Amino acid sequence: MCSKKVTKNDLLESVYEKTRCEKRVVQAVIESLFDQLKESLKNGNTIELRGFGTFEPRLRKGRENARNPKTGQRLSVASHYVVAFRSGQELKKALLSLPVEESSGTSC
C-alpha cells in the first residue's frame, strides 16, 4: 500500500474544512496542541489520548561501541530519551479495515 505523507498543513486544511473556523484560529490551536505535547514529553510526562494512543518518553541506553551505518566509523552514544507510541484500541480496530496488498517487489 502506497501511503501519502500528511503534513501539519494538511491537518490544518482538514480541520478548517470540517469546522469552518478561521484558518489562523485553527493554526493557533494546532500549534498550541503540538507545543503542549512537546512540553509535556520534555517534562517526562506520559500523554494518553483515549481511543488514539499513548506517547511516552523512554530511556534508550547508551552504547560504547556503536557504529555509524553510513561511514562505518565507531563511536560512543550517550543514553538519551526517545518518544514511544502505543496505539489505542479504537485506532487498532480502524487499521484492521485497511486492505492488505501483497508486495510485488516494487516501491511506491
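Quick caveat, the model's predicted, so the values are computed rather than measured. Counting begins at 1 with the first residue of the sequence.
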*Value rounded to 0.5 Å, distance of CG in L49 from OG in S87*: 12.0 Å

*Out of curiosity, does F55 fall in the hydrophobic cluster containing L33 (side-chain heavy atoms, cut-off under 4.5 Å, transitive links)?*
yes

*Indicate the atoms forming the closest heavy-atom contact of I30 with L12, along with that distance.*
CD1-CA, 3.6 Å

*SB check D10 K5 (cutoff 4.0 Å)*: no

*Is it true that L41 and V82 fall in one hydrophobic cluster, defined by side-chain heavy atoms closer than 4.5 Å?*
no

*If you measure from OG on S14 to NZ on K18, what distance do you get to the nearest 0.5 Å?*
4.5 Å

*Hydrophobic cluster membership, V77 vs L59, 4.5 Å side-chain cutoff*: no

_Tell me whether R50 forms a cation-pi arrangement with F52, defined as NZ or CZ under 6.0 Å from the six-membered ring centre and within 45 degrees of its axis._
no

*Is V83 linked to F85 within one hydrophobic cluster, defined over Ile, Leu, Val, Met, Phe, Trp and Tyr using a side-chain heavy-atom separation of less than 4.5 Å?*
yes

*asked:* Surrounding CD of E64 (heavy atoms of other residues, nucleotides or ligands, distance under 6.0 Å), is the total greater than 12?
replied: no

_I need the E31 CD to R24 CZ distance, nearest 0.5 Å._
14.5 Å

_Close side-chain approach of E56 to I47, heavy-atom, < 4.5 Å_ = no

*asked:* I need the L37 CG to N45 CG distance, nearest 0.5 Å.
replied: 11.0 Å

*Examine V29 and V6 and state if one hydrophobic cluster contains both, with Ile, Leu, Val, Met, Phe, Trp and Tyr joined whenever side-chain heavy atoms are less than 4.5 Å apart.*
no

_Distance-minimising heavy-atom pair for G62 and S79_ = N-OG, 2.9 Å

*Which heavy atom of E48 sits nearest a heavy atom of T54, and at what distance?*
CG-OG1, 3.9 Å

*How many angstroms lie between CD in Q27 and CD in E13, if you round to the nearest 0.5 Å?*
10.0 Å

*Is E90 paired with K93 through a side-chain N to carboxylate O contact shorter than 4.0 Å?*
no

*asked:* Suppose the criterion is ring-ring contact (aromatic ring centres under 6.0 Å, His included): which pairs have a residue in residues 18-48, not counting sequence neighbours?
replied: none

*asked:* For E22 versus Y16, what's the shortest heavy-atom pair and its separation?
replied: C-CD1, 4.5 Å

*From R58 atom CZ to H80 atom NE2, the distance as rounded to the nearest 0.5 Å*: 13.5 Å

